[in-house]
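Report on the structure given below.
The figures that follow rest on heavy atoms only: side chains count, while hydrogens, waters and symmetry mates do not.
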Protein chains: 2
Amino acid sequence: MIIELNAQQTDELRVRIFKALADPIRIQIIRYLRRVNKETTCGDVSKVIKMSKSAGSYHFKVLREAGLTITRKDSREKYVSLNYDTFEKYVNHFLDSL
Amino acid sequence: MIIELNAQQTDELRVRIFKALADPIRIQIIRYLRRVNKETTCGDVSKVIKMSKSAGSYHFKVLREAGLTITRKDSREKYVSLNYDTFEKYVNHFLDSL
DNA sequence: AATATAGTTCAAAAGTATTTGAACTATTAA
DNA sequence: TTAATAGTTCAAATACTTTTGAACTATATT
């Protein structure tokens, strides 16, 4: 089921996406996820990008809630990957879609 | 003279750009500048998008300092326009350029 | 010269985002 | 059943962003 957003909801989503991108740690996370180009656990990312467990959890939540990542839980671990559709629609085509 | 940015400076610029985009008023300003598609005074924009003089000044500064707009002063007025190069390089091609 | 207009700057206030460590849940391994 | 591991949640502390109004600079008009 696809939810159609009205103009204001779309702007709110744009703000949420750009806020998520506006942080150096989250840019590093995105860079890492893009380079490995496969599902990765939160723990794996935290090994490469130094941050506390709870800070990591917070940053992954910000990315997920902006729709920039997709998360799949498998037993104890959570696998994270980039949601390229969101980047394509809201980042790559930001100006065009305004 | 073109200043080459190192990797960290580039990430700092990315953060500055996304912070500038992560605000509903600045998204409205960008939308307006894109629609009129010509130089516009700060005052003209403030007539369309309701905000105080000083808030306007602040938002235009954030956009300018992120390199998203170009500003030209002509006597009392300041003409603002979008800097499409920055959008192209850092927003449209964000993921590719990481 | 006096007044109006366009925009900036400042400091205080209000609002948001981020980090921290400790306590927590859920699952796996010994 | 006890330990360890992966990740979340919470509240407090810290840091940052945005708004406000008043005072300011610079230019234009009367």
(request) To the nearest 0.5 angstrom, please state how far the CG atom of B:L5 sits from the OG1 atom of B:T10. (result)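 If we round to the nearest 0.5 Å, B:L5:CG and B:T10:OG1 are 4.5 Å apart.
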(message) For C:dG7, does the base pair up with any side-chain atom of B:K78 as donor and acceptor (N or O, under 3.5 Å, distance only)?
(response)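 Absent.
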(request) Determine whether any donor atom in the side chain of A:S57 lies under 3.5 Å from an acceptor atom in the base of D:dG7, or the reverse, and answer yes or no. (result)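 Donor-acceptor pair under 3.5 Å: no.
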Would you mind reporting whether [Y] and [X] have side-chain heavy atoms less than 4.5 Å apart?
X: B:M51; Y: B:S46; result: yes
X: B:Y32; Y: B:T40; result: yes
X: B:L82; Y: A:L95; result: yes

Close N or O pairs between protein and nucleotides 16-18 of chain D (under 3.5 Å):
from   : atom 1 : to    : atom 2 : distance (Å)
D:dT18 : OP1    : B:R26 : NH2    : 3.0
D:dT18 : OP2    : B:R26 : NH1    : 3.4
D:dT18 : OP2    : B:R26 : NH2    : 3.4
D:dT18 : OP2    : B:Y58 : OH     : 2.6

(message) Walk me through whether B:R31 and A:D11 qualify under side chain to side chain contact (heavy atoms under 4.5 Å, CB included).
(response) CA-CA 11 Å; B:R31 179 180 287 122; A:D11 270 9; 2.7 Å; yes
In this structure, how many angstroms lie between the [atom2] atom of [N] and the [atom1] atom of [X], rounded?
X: B:K73; N: C:dG7; atom1: NZ; atom2: P; value: 9 Å
X: A:K61; N: D:dA6; atom1: NZ; atom2: P; value: 22 Å
X: B:D44; N: C:dA6; atom1: CG; atom2: C1'; value: 11 Å
X: A:K50; N: C:dT19; atom1: NZ; atom2: C1'; value: 13 Å
X: A:E65; N: D:dT8; atom1: CD; atom2: P; value: 11 Å
X: A:L21; N: C:dT18; atom1: CG; atom2: P; value: 12 Å
X: B:E77; N: D:dT25; atom1: CD; atom2: C1'; value: 16 Å
X: A:F18; N: C:dA17; atom1: CZ; atom2: C1'; value: 18 Å

Can you identify which nucleotide, out of [options], has its nearest atom closest to the [X] side chain?
X: B:C42; options: C:dC10, D:dG7, C:dG7; value: C:dG7
X: B:R76; options: C:dA6, D:dA6, D:dT20; value: C:dA6
X: B:K53; options: D:dT9, C:dG7, D:dG7; value: C:dG7

(request) May I ask whether A:L21 and A:L33 are part of the same hydrophobic cluster, defined by side-chain heavy atoms of I, L, V, M, F, W, Y residues being less than 4.5 angstrom apart, directly or through others? (result)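 Yes; A:L33 is reachable from A:L21 via cluster members.
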(message) Please name the nucleotide paired to D:dA23 by Watson-Crick or G-U wobble geometry with both distances under 3.5 Å, or report none.
(response)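 Pair assignment: D:dA23 / C:dT8.
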(message) Under 3.5 Å for both donor-acceptor distances, Watson-Crick or wobble: does C:dT28 have a partner, and if so which one?
(response)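 Base-paired to nothing in any strand shown.
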(request) Pick base, sugar-phosphate or nothing for B:S75, based on heavy-atom distances below 4.0 Å to the nucleic acid. (result)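 Sugar-phosphate: the residue B:S75, judged by heavy atoms under 4.0 Å, touches backbone atoms but no base.
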(request) Would you please classify the geometry between the A:F18 ring and the A:F94 ring as parallel, tilted or perpendicular, with 30° and 60° separating the classes? (result)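 Geometry flag for A:F18 against A:F94: perpendicular rings.
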(message) Using heavy-atom distances to pick each residue's nearest nucleotide on DNA chain D, tell me which of B:A55 and A:F60 is more 5'.
(response)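 Going by which nucleotide is closer to the 5' end, it is A:F60.
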